[in-house]
A.B. asks: 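This is the structure I want to talk about, given as structure tokens.
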Amino acid sequence: MAKSKIIFECEACGNQQSKWMGKCPQCGAWESFIELSSEQVKISQELAKLTKSTKSATPISQIQIQKIDRKSTKDSELDLVLGGGLVSGSLILIGGSPGIGKSTLLLKIASNLADNNQKVLYVSGEESASQIKLRADRLGANSDNLFLLTEIDLSSILAEAAKNEYKIIVIDSIQTLYSDKISSAPGSISQVREITFELMRLAKKDDITIFIIGHITKEGSIAGPRILEHMVDVVLYFEGDSSKELRILRGIKNRFGTTSEIGIFEMRSNGLISAKDISSKFFTRGNAVSGSAITVTMEGSRALIVEIQALVCESNYPKRSSTGFDKNRLDMILALLERKLEIPLGHYDVFINVTGGVKINETACDLAVVAAIISSFRNRPISKESIFIGELSLNGEIREIFNLDARLKEAVFQKFKNAITPNKPLENYPIKTFVAKEITQVLEWM
């Protein structure tokens, strides 16, 4: 009789090995390998077979492009992140820290879609029906086409989905569900993988749009195996501080659109709603203060005016810290300031903060960071009527950036008077533009 094969699986990332290991070679987790039962090994092998393609190759010239029909969620910010709306048969994963607003947003979206004569099923494995009803009353999310199911058994959820012709299903959350095919506890690697595969098969077979809420780890990634993000069509992350009003929904993966757009929401007493006037929420007007400079960053097609704050103070043990700005880029800028401008920052603490919880992922805000640091170091206030736009090179040059006209157009809309830029815009705007080609020119202007 053939000896059964023993497989060990990492609980952190799902990596499989033929023997137990103290440290996972894929994710580096210690003592995370557990032995799979024969039933779990069988299911894992079946999933591997199902994911293999059995179709024959077709010349790309003969492929017919299918038209993608989108339906609006009645939420402008979510539609923007999704690429224009929901696609039938798609599997959407939304992650975020506890209390950030995932359940609140999806319950409101479910109600919007239900009001549009679509049957929606909201499945909750974390809260009771009365708790969700209280939230629905607060959000005004009561509709006859919105159905609630408090269940964690996957087979019961699939049976309910087969019994009624639902167009939208919301799963809150994937870590609370379990399948009776696998003996491990809910939230384990095997359970999450099996349940996600079944939900994906349901979405594609019956053309149902399924939202999945996922918990995140302390590192900020979706809890569970990495395959979870590979299997779904769209991955969205909520960013921001749950103690503050503003939330940012960022697309990490989207098979039906771009991932460069962000959605900005505001938490109010009646729930999480789209921020209508977001342009003035990331900077403050008022008297000029030292250590503060304003710039314009691009998030997809949207120009956002943000405030860069800097604090420079003398210290025996210098520290560098940044919130919302790349730490390695900050170190490069500080080295450049010491070399080109001879500013002795070696014995100073330098702290950088981007207000509003925005994370800057582009280099066009380098000039504003330099201005804020110099302003704090010299205790020299910068006018709140000026903006700084430009990328720094290692030799101290200020390089041109893309979408300068779009940035200046937003600055004019917010009634700024001065702009320090690396080049002149293509069009004439009612704003004074000062061209700076080198970092020393910025110092002269300040």
Side-chain angles (χ1 to χ4, degrees), residues 220 239-246 248 280-297 304-398 416 418-422 434 436 438-446:
E239 299 175 356
D241 190 347
S242 58
S243 63
K244 297 180 180 179
E245 294 179 352
L246 290 179
I248 296 176
S280 59
K281 294 183 182 295
F282 299 105
F283 69 96
T284 57
R285 294 283 191 179
N287 297 327
V289 294
S290 60
S292 175
I294 297 177
T295 185
V296 187
T297 182
L304 292 181
I305 298 180
V306 296
E307 182 180 352
I308 308 291
Q309 296 176 336
L311 175 61
V312 180
C313 55
E314 199 167 359
S315 173
N316 293 327
Y317 303 97
K319 292 178 290 186
R320 278 88 171 94
S321 177
S322 62
T323 303
F325 189 77
D326 183 45
K327 173 66 165 51
N328 294 328
R329 190 126 192 112
L330 173 61
D331 292 337
M332 184 272 288
I333 290 175
L334 295 177
L336 187 63
L337 290 176
E338 291 200 37
R339 181 65 181 268
K340 294 295 181 179
L341 301 183
E342 298 181 352
I343 298 178
L345 295 173
H347 299 287
Y348 287 82
D349 290 338
V350 180
F351 302 95
I352 297 293
N353 177 55
V354 182
T355 60
V358 177
K359 293 182 179 179
I360 295 177
N361 299 315
E362 62 169 354
T363 56
C365 303
D366 291 350
L367 202 58
V369 175
V370 168
I373 292 173
I374 296 174
S375 172
S376 178
F377 178 76
R378 297 189 169 185
N379 196 24
R380 184 179 297 175
I382 297 178
S383 170
K384 288 295 185 72
E385 303 297 328
S386 303
I387 60 171
F388 296 81
I389 306 172
E391 175 187 350
L392 287 180
S393 64
L394 289 177
N395 57 12
E397 293 180 349
I398 302 175
F416 283 88
N418 306 311
I420 296 84
T421 63
F434 300 89
E438 294 183 358
I439 192 173
T440 52
Q441 292 179 274
V442 177
L443 192 63
E444 294 172 0
W445 187 90
M446 294 178 63

A.B. asks: Working to the nearest 0.5 Å, report the span between OG1 of Thr355 and CD1 of Ile308.
C.D. replies: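 Reported to 0.5 Å precision, the distance equals 7.0 Å.
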A.B. asks: Sequence neighbours excluded, which residues qualify as side-chain contact (heavy atoms from CB on, under 4.5 Å) partners of Ser292?
C.D. replies: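 For Ser292 the side-chain contact (heavy atoms from CB on, under 4.5 Å) partners, ignoring immediate neighbours, are Val289, Glu307, Lys384.
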A.B. asks: With sequence neighbours excluded, what pairs up with Glu338 under the salt bridge (Lys or Arg N to Asp or Glu O under 4.0 Å) test?
C.D. replies: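 Scan of Glu338 (salt bridge (Lys or Arg N to Asp or Glu O under 4.0 Å), adjacent residues dropped) gives none.
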A.B. asks: How long is the straight-line distance from CG of Leu392 back to CD1 of Ile439, given to the nearest 0.5 Å?
C.D. replies: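 The distance works out to 5.0 Å.
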A.B. asks: Please find the pair of heavy atoms, one from Ala288 and one from Ile382, that lie closest to each other, and give the distance.
C.D. replies: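 For Ala288 versus Ile382, the nearest heavy atoms are CB-O, 3.2 Å.
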A.B. asks: What residue pairs, at least two apart or across chains, pass ring pair (Phe, Tyr, Trp, His ring centres under 6.0 Å) with a residue in residues 328-350?
C.D. replies: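 For residues 328-350, and leaving out neighbouring residues, the ring pair (Phe, Tyr, Trp, His ring centres under 6.0 Å) pairs sorted by first residue read Tyr348-Phe377.
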A.B. asks: Holding to side-chain contact (heavy atoms from CB on, under 4.5 Å), I want the full list of residues that pass it with Asn379, two or more places apart in sequence or in another chain.
C.D. replies: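 So Asn379 forms a side-chain contact (heavy atoms from CB on, under 4.5 Å) with Ser290.
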A.B. asks: Please identify each residue that fulfils side chain to side chain donor-acceptor pair (under 3.5 Å) with Ser393, with sequence neighbours left out.
C.D. replies: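 If we apply the side chain to side chain donor-acceptor pair (under 3.5 Å) test to Ser393, skipping adjacent residues, the hits are Asn395.
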A.B. asks: Hey, could you give me the CZ/NZ distance between Phe351 and Lys319, rounded to the nearest 0.5 Å?
C.D. replies: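 Between Phe351 CZ and Lys319 NZ, I get 4.5 Å after rounding to 0.5 Å.
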A.B. asks: Heavy atoms only: give me the nearest Ile389-Leu367 pair and the separation to one decimal.
C.D. replies: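 Closest approach of Ile389 to Leu367, heavy atoms only: O-CD2, 3.5 Å.
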A.B. asks: Give the intermediate values and the outcome of side chain to side chain contact (heavy atoms under 4.5 Å, CB included) for residues Ile374 and Leu341.
C.D. replies: CA-CA 10 Å; Ile374 296 174; Leu341 301 183; 3.8 Å; yes
A.B. asks: Mind checking side chain to side chain donor-acceptor pair (under 3.5 Å) for Thr363 and listing every partner two or more places apart, or none if nothing turns up?
C.D. replies: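 By the side chain to side chain donor-acceptor pair (under 3.5 Å) rule, Thr363 matches Glu391.
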A.B. asks: Begin from the C-alpha positions of Thr295 and Ile387 and carry the test side chain to side chain contact (heavy atoms under 4.5 Å, CB included) through to its verdict.
C.D. replies: CA-CA 5 Å; Thr295 185; Ile387 60 171; 5.9 Å; no
A.B. asks: What is the minimum heavy-atom distance between Leu334 and Arg320, and which atoms define it?
C.D. replies: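 For Leu334 and Arg320, the tightest heavy-atom pair comes out as CD1-CG, 3.5 Å.
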A.B. asks: Closest approach of Gly390 and Pro422, non-hydrogen atoms and distance?
C.D. replies: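 Minimum heavy-atom contact is CA-CD, 4.2 Å.
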A.B. asks: List in chain and number order the residues that pass side-chain contact (heavy atoms from CB on, under 4.5 Å) with Arg339, two or more places apart in sequence or in another chain; answer none if no residue qualifies.
C.D. replies: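 Counting only residues at least two positions away or on another chain, Arg339 forms no side-chain contact (heavy atoms from CB on, under 4.5 Å).
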A.B. asks: Any pair with a residue in residues 349-368 that passes salt bridge (charged side-chain N to carboxylate O under 4.0 Å, His left out), sequence neighbours left out, goes on the list, sorted by first then second residue, please.
C.D. replies: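 Sorted result for residues 349-368: Arg329-Asp366, Glu362-Arg407.
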A.B. asks: Apply side-chain contact (heavy atoms from CB on, under 4.5 Å) to Ser322 and list each qualifying residue two or more places apart in sequence or on a separate chain.
C.D. replies: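 Partners of Ser322 by the side-chain contact (heavy atoms from CB on, under 4.5 Å) criterion, ordered by chain and then number, come out as Phe325, Lys327, Leu330, Ile352.
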A.B. asks: When rounded to the nearest 0.5 angstrom, what distance separates CG in Leu336 from CD1 in Ile343?
C.D. replies: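 Reported to 0.5 Å precision, the distance equals 10.0 Å.
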A.B. asks: Can you tell me how far apart NZ (Lys340) and CG (Leu394) are? Round to the nearest 0.5 Å.
C.D. replies: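 Going from the NZ atom of Lys340 to the CG atom of Leu394 covers 10.0 Å.
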A.B. asks: What's the separation between atom CD1 in Ile420 and atom CD1 in Ile398, rounded to the nearest 0.5 Å?
C.D. replies: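 Between Ile420 CD1 and Ile398 CD1, I get 9.5 Å after rounding to 0.5 Å.
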A.B. asks: Restricting to non-hydrogen atoms, name the atom on Ser386 and the atom on Phe416 that form the minimum distance, rounded to 0.1 Å.
C.D. replies: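 Heavy atoms of Ser386 and Phe416 come nearest at N-CD2, 4.1 Å.
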